[in-house]
Amino acid sequence: MERDEELVVQVMLKPNCGLENVRAALVVRRIAPLCSSLSFHPCTVKSDPSTISYLRDHGLFVRFSSPTPEKVLITIKASFFVDRFAIIEDADAVPSFASASDEPAGENSPAIPLRIDFANRSSVDGRYDELWKLLARLEEVHRQLRARIERTPHDRELNTIFFTHAQVVDGLRTAVARSRIEPFGRIAPSLHALVADYSERFGVQVKFDIADGQMALDQSVLASMEEIIKRVIRACLRDGIGKPEGRKAAGKPPCATMRLTLESDGSEVICRIEHDGHLFDARRIGQLAEERGLLTRPIEEYTDEEIGSFLMMPGFASTRSGPFAGMSSQFIEIGSMLYNMGERGKVRNTDHGTLEIVMNFPAPFTVMEAAIVRVGAERFALPAQQIVRFEGHHPERLVGGCDASGTACYVDRDGARVEMLNGAGASTPFKAERPRIVVMLEAQGERRALAVDEVDGYERVSVCQLPALLNRRTARLAGCFGYAFLQDGAACAVVSARRLLDSGLEEGARHA
């Protein structure tokens, strides 16, 4: 196959989903980074639902050229919502399309426009490539300066120039990375629309909430996340929630609740989708894993979370009947999608009677809102998403342990006892010297309190991965998952309440 050859492909989507136009737009989004030119027909698939009937009858027609056309075709074929595709020899034979608000196309109207950019993707990527080329040239100059300094180490003026140049290069490198950053909230409207559409279709009632903490991610990461998240939501609505009458019979409110939570965790972004519908039978899943020789210790020693991870293991169960019909089989399909993208997931029953699907997406660079706090000699950032509120520190509110662990608790303004993350009996390096403020944190449905000496305010920080040589055990116990440079230029650790909570629960997990 010749390189940069222009091809026209007919893409047929899996039938009768009711969102053919959205799926067609996702196909274009997935292949856009691989194409040097790209147009599609109908050209309004993303914004015009009236294209659905055309897509069902004729499919989506894509005209593209690429240095690696085979990769484009493989990407189209690998999309889970694509039924089949075929290369079209005669582009003039493509059926025309007119939206409900347009006049019918004339005989001389071209079936496929000669060039239609998808969301101006070509021009955006062109500017991005120019920035990368400029950065590469500056880095080459920087290497030459470094070589010159090694020959003349006592030249102070040259050392000053080298240091300034290094700052400029680093700033440009960050700016280039940020140029591809998009807020997760960009896809929130489409997720709410999906929930509304499928709730009506499957006859369920759902209150859907998104807590993304104003996180921003690379465009490619966000695109892959959007595709899989929609697949999970659809599976939950179809087989996991239950109809209102069934929920009433089970003693649940007729309207279910579903919550999507996003958080950064070092080189990954963790997406949690939780709902109060049907739980999974951990014992039955564990028995099947034992039959298949996947357990390395007695089944009773496995936690529900460990058992739940089997549900998203590719090939764990291929049957669509029996105990793996419906939701279970869909978990396995979603797990295969994650595996093919270098990602992973798990399913767990929470302590408060809900089902949680957890998915890990590689994302070495994220942007989020964070509160900068001081505890003793340490200064670190807490993700704003995990902060419930701040309260004044009152020593008389400190009480003994809530349980046999003896860990100190703090009585909040509502009169509830909240375990202290850095109180007496807690294993943490963050010990407040003169605590003035208590930060109320929430992670994994658990409420915790952290006493701090000062709160320096909020900043929008770029979270980077921790250096490889850092002692990861120490970092885990401290709840640290990354670092950021603050507005004053200082490096600052980013600490997660969830990690602090996980380190304290390693010995107290529930078993299947």
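Every value quoted in this text rests on a predicted model; they were computed, and no experiment measured them.
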Parallel, tilted or perpendicular: rings of F485 and Y483 (30°, 60°): perpendicular
Residues two or more places apart in sequence or in another chain: which of them pass side chain to side chain donor-acceptor pair (under 3.5 Å) with [X]?
X    : answer
H142 : H165
D453 : none
E378 : none
K346 : E305

Tell me the closest heavy-atom pair linking [X] and [Y], and the distance in Å.
X    : Y    : result
Q385 : A211 : NE2-O, 2.9 Å
Y410 : G392 : OH-O, 2.9 Å
E433 : A377 : OE2-N, 4.2 Å
D456 : R374 : OD2-NE, 2.9 Å
G242 : V204 : O-CG1, 3.5 Å

Note, [X] side chain near [Y] side chain (heavy atom, < 4.5 Å):
X    : Y    : value
V461 : M368 : yes
V206 : Y198 : no
E391 : R397 : yes
I273 : C271 : yes
C480 : F380 : no
M420 : C409 : no
I270 : L262 : no
V347 : V358 : no

Basic-acidic side-chain contact under 4.0 Å: [X], [Y]:
X    : Y    : answer
R247 : D276 : yes
E290 : R292 : no
D414 : R389 : yes

NZ or CZ of R297 within 45° of Y302 ring axis and under 6.0 Å: yes
Atom [atom1] of [X] and atom [atom2] of [Y]: how far apart are they, to the nearest 0.5 Å?
X    : Y    : atom1 : atom2 : answer
L295 : L288 : CG    : CG    : 9.5 Å
E301 : E306 : CD    : CD    : 9.5 Å
T257 : I241 : OG1   : CD1   : 7.5 Å
I285 : F280 : CD1   : CZ    : 7.0 Å
R348 : L279 : CZ    : CG    : 11.5 Å
I229 : M359 : CD1   : CE    : 5.5 Å

Intermediate values then yes/no, side-chain contact (heavy atoms from CB on, under 4.5 Å), L398 and H393: CA-CA 9 Å; L398 288 171; H393 184 273; 4.2 Å; yes
Audit row: L355, C236, side-chain contact (heavy atoms from CB on, under 4.5 Å) steps and yes/no: CA-CA 10 Å; L355 183 79; C236 292; 5.7 Å; no
Any donor-acceptor N/O pair, [X] side chain to [Y] backbone, under 3.5 Å:
X    : Y    : answer
K243 : F202 : yes
N422 : A451 : yes
H275 : G277 : yes

Residue F163 excluded, over 12 heavy atoms near CZ under 6.0 Å: no
Intermediate values then yes/no, side chain to side chain donor-acceptor pair (under 3.5 Å), E274 and H352: CA-CA 11 Å; E274 182 180 0; H352 45 279; 2.7 Å; yes
Steps toward salt bridge (Lys or Arg N to Asp or Glu O under 4.0 Å) verdict (E227, R30): CA-CA 10 Å; E227 181 179 326; R30 291 192 68 182; 3.2 Å; yes
CA sep, side-chain torsions, deciding dist, call: R272, E263, salt bridge (Lys or Arg N to Asp or Glu O under 4.0 Å): CA-CA 9 Å; R272 302 174 185 273; E263 60 182 273; 3.4 Å; yes
Intermediate values then yes/no, side-chain contact (heavy atoms from CB on, under 4.5 Å), L441 and V388: CA-CA 5 Å; L441 303 166; V388 178; 6.0 Å; no
Derivation and outcome, salt bridge (Lys or Arg N to Asp or Glu O under 4.0 Å), residues E446 and R448: CA-CA 7 Å; E446 300 283 344; R448 293 293 186 271; 3.6 Å; yes
Worked check of side chain to side chain donor-acceptor pair (under 3.5 Å) between T350 and E356: CA-CA 7 Å; T350 68; E356 184 180 63; over 6 Å; no
Pairing residues for S190 by the side chain to side chain contact (heavy atoms under 4.5 Å, CB included) criterion, not counting sequence neighbours: I187, E226, K230
Review item, side-chain donor-acceptor pairs of residues 488-497, under 3.5 Å, at least two apart:
residue: D488; atom: OD1; partner: A490; partner atom: N; Å: 3.0
residue: D488; atom: OD2; partner: R379; partner atom: NH1; Å: 3.1
residue: D488; atom: OD2; partner: R379; partner atom: NH2; Å: 3.4
residue: S496; atom: OG; partner: Q386; partner atom: NE2; Å: 3.2
residue: S496; atom: OG; partner: R498; partner atom: N; Å: 3.1
residue: S496; atom: OG; partner: R499; partner atom: N; Å: 3.4

Trace of the side-chain contact (heavy atoms from CB on, under 4.5 Å) decision for F208 with H192: CA-CA 7 Å; F208 182 56; H192 282 286; 3.6 Å; yes
